[in-house]
Amino acid sequence: MKKLNFKKLIALGLTAAAAVASFTACSTNATSGGSDGNTGSKVYRTLDEIKASGKINIGVFSDKNPFGYVDENGEYQGYDIYFANRLGKDLGVEINYVSTEAANRVEYLETGKVDIILANFTVTEERAEKVDFALPYMNVALGVVSPDSNVITSLDNYDSYATAKSAIENGNGVAWANDNTEVIAFAKQNKGYTVGIDSLGSQDTIAPAVSKGNETLLNWINDEIKTLGKENFF
């Protein structure tokens, strides 16, 4: 079953399912971008400009565990934060974390509000027309987490879409389908839940992104990812 069809079935669980769209992993290194649509002026900062400033602006989630979230002490935590901290250290600059939502990620790069987006950014052809993606550092698919008392291991466990919808409305959700990394983290952090389906549908690619045309920063990130890969950092 294609993931697009499955998406219609997963109004299941503990919260509304955030389905991941299928797409083609595509990385571009365009040379003609890096300007805003009104004036044609460059909106991004080059690698040398970032180093000279002593600070880099990185867009991350503030409420999406395990990728990026703010803990009880007001500190950013998560997988993307761990990665970003290493980028800042190796670049020799401080990090200014900029909280972003999924809908704002492209906009923040296009307007120069951030230098890099690390907010669980899946690579798509459409996005690659507007931003430049670096090398990938994670692959994700859909996963399903459910209570230990009724572990869901197959879509056949559900009678119908209506049954799933009713379960949500009555507050008796039976499962939650989302990025597999996210549901796995949920199960680890919440006793009594099991990820019965750890990979469903095609895998999608997660990668850092920079403003279109920012080749110096893009090339540095690509080299950094290669280095970190040899260290088994990820």
Side-chain angles (χ1 to χ4, degrees), residues 23-62 64 67-69 76-140 204-234:
F23 43 68
T24 303
C26 174
S27 178
T28 64
N29 187 7
T31 59
S32 60
S35 62
D36 65 44
N38 296 323
T39 66
S41 60
K42 178 172 73 69
V43 298
Y44 60 77
R45 299 192 300 162
T46 65
L47 183 65
D48 287 342
E49 289 171 337
I50 292 170
K51 287 182 176 180
S53 75
K55 182 176 293 186
I56 189 168
N57 302 311
I58 300 181
V60 295
F61 286 130
S62 61
K64 192 170 184 181
F67 304 107
Y69 62 97
Y76 279 94
Q77 304 289 351
Y79 190 94
D80 288 337
I81 311 304
Y82 185 72
F83 182 22
N85 286 339
R86 180 60 185 270
L87 293 180
K89 176 183 177 181
D90 291 350
L91 194 56
V93 297
E94 295 181 3
I95 300 174
N96 174 40
Y97 285 113
V98 179
S99 178
T100 184
E101 298 178 359
N104 297 332
R105 290 174 295 189
V106 170
E107 175 193 344
Y108 279 16
L109 287 173
E110 289 183 323
T111 58
K113 187 169 184 176
V114 299
D115 302 300
I116 304 173
I117 284 289
L118 281 183
N120 187 32
F121 209 14
T122 47
V123 180
T124 70
E125 290 181 325
E126 180 181 3
R127 288 171 179 165
E129 293 177 355
K130 300 178 180 179
V131 303
D132 282 347
F133 283 104
L135 295 173
Y137 63 96
M138 183 190 298
N139 291 322
V140 298
D204 298 325
T205 302
I206 306 295
V210 301
S211 300
K212 200 71 173 173
N214 195 350
E215 291 187 359
T216 56
L217 181 56
L218 180 68
N219 292 337
W220 184 86
I221 295 173
N222 283 337
D223 289 340
E224 178 77 352
I225 289 175
K226 292 176 184 177
T227 298
L228 296 180
K230 293 176 181 177
E231 296 179 10
N232 292 323
F233 174 86
F234 299 106

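One is the number of the first residue; the rest follow in order along the sequence. All values derive from a computational prediction rather than experimental measurement.
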Nearest 0.5 Å please: distance from the [atom1] atom of [X] over to the [atom2] atom of [Y].
| X | Y | atom1 | atom2 | result |
| --- | --- | --- | --- | --- |
| N222 | T227 | CG | OG1 | 11.0 Å |
| F83 | I206 | CZ | CD1 | 12.0 Å |
| N57 | I95 | CG | CD1 | 10.5 Å |
| F61 | D80 | CZ | CG | 8.5 Å |
| I50 | I56 | CD1 | CD1 | 4.5 Å |
| I117 | I58 | CD1 | CD1 | 9.5 Å |

So L91 and L47, do their side chains get closer than 4.5 Å, heavy atoms only? yes
Quick check: do I81 and V60 have side-chain heavy atoms less than 4.5 Å from each other? yes
Residue pair E215, T46: steps toward the side chain to side chain contact (heavy atoms under 4.5 Å, CB included) verdict: CA-CA 8 Å; E215 291 187 359; T46 65; over 6 Å; no
Heavy atoms from other residues, nucleotides or ligands near OH of Y82 exceed 12 (cutoff 6.0 Å): no
Does atom CD of E126 have more than 12 heavy-atom neighbours, drawn from other residues, nucleotides or ligands, at distances under 6.0 Å? no
I'd like to know if E224 and K89 make a salt bridge, using a cut-off of under 4.0 Å between side-chain N and carboxylate O. no
Aromatic ring pairing Y137/Y79, orientation class (parallel under 30°, perpendicular over 60°, tilted between): parallel
Measure up the F121 and F133 rings against each other and bin them: parallel (under 30°), tilted (30 to 60°), perpendicular (over 60°). tilted
[X] to [Y] - nearest heavy-atom pair and separation:
| X | Y | result |
| --- | --- | --- |
| R45 | K55 | NH2-O, 2.8 Å |
| G213 | D132 | N-OD2, 3.0 Å |
| L135 | A207 | O-CB, 3.7 Å |
| S62 | Y76 | CB-CE2, 3.9 Å |
| Y108 | V98 | CE2-CG1, 4.0 Å |
| T205 | P136 | CG2-CB, 3.0 Å |

Check the pair E110, R105 against salt bridge (charged side-chain N to carboxylate O under 4.0 Å, His left out), reporting the backbone distance first and the verdict last. CA-CA 9 Å; E110 289 183 323; R105 290 174 295 189; over 6 Å; no
Is there a side chain to side chain contact (heavy atoms under 4.5 Å, CB included) between I116 and L109 once you walk through the steps? CA-CA 7 Å; I116 304 173; L109 287 173; 5.8 Å; no
Taking K113 for the side chain and G59 for the main chain, is one N or O donor matched with an acceptor at less than 3.5 Å? no
Would a distance-only check, ignoring hydrogens and angles, find a side-chain to backbone donor-acceptor pair under 3.5 Å from T124 to R127? yes
Would Y97 and N85 count as a side chain to side chain donor-acceptor pair (under 3.5 Å) here? Give the steps. CA-CA 10 Å; Y97 285 113; N85 286 339; 2.6 Å; yes
Start with the C-alpha gap between E231 and R86, add the side-chain angles, then the distance that decides, and say whether salt bridge (charged side-chain N to carboxylate O under 4.0 Å, His left out) holds. CA-CA 12 Å; E231 296 179 10; R86 180 60 185 270; 3.0 Å; yes
Side chain to side chain contact (heavy atoms under 4.5 Å, CB included) between N214 and T216, intermediate numbers included: CA-CA 6 Å; N214 195 350; T216 56; 3.5 Å; yes
Would you check, one step at a time, whether the test side chain to side chain contact (heavy atoms under 4.5 Å, CB included) holds for D115 with V210? CA-CA 6 Å; D115 302 300; V210 301; over 6 Å; no
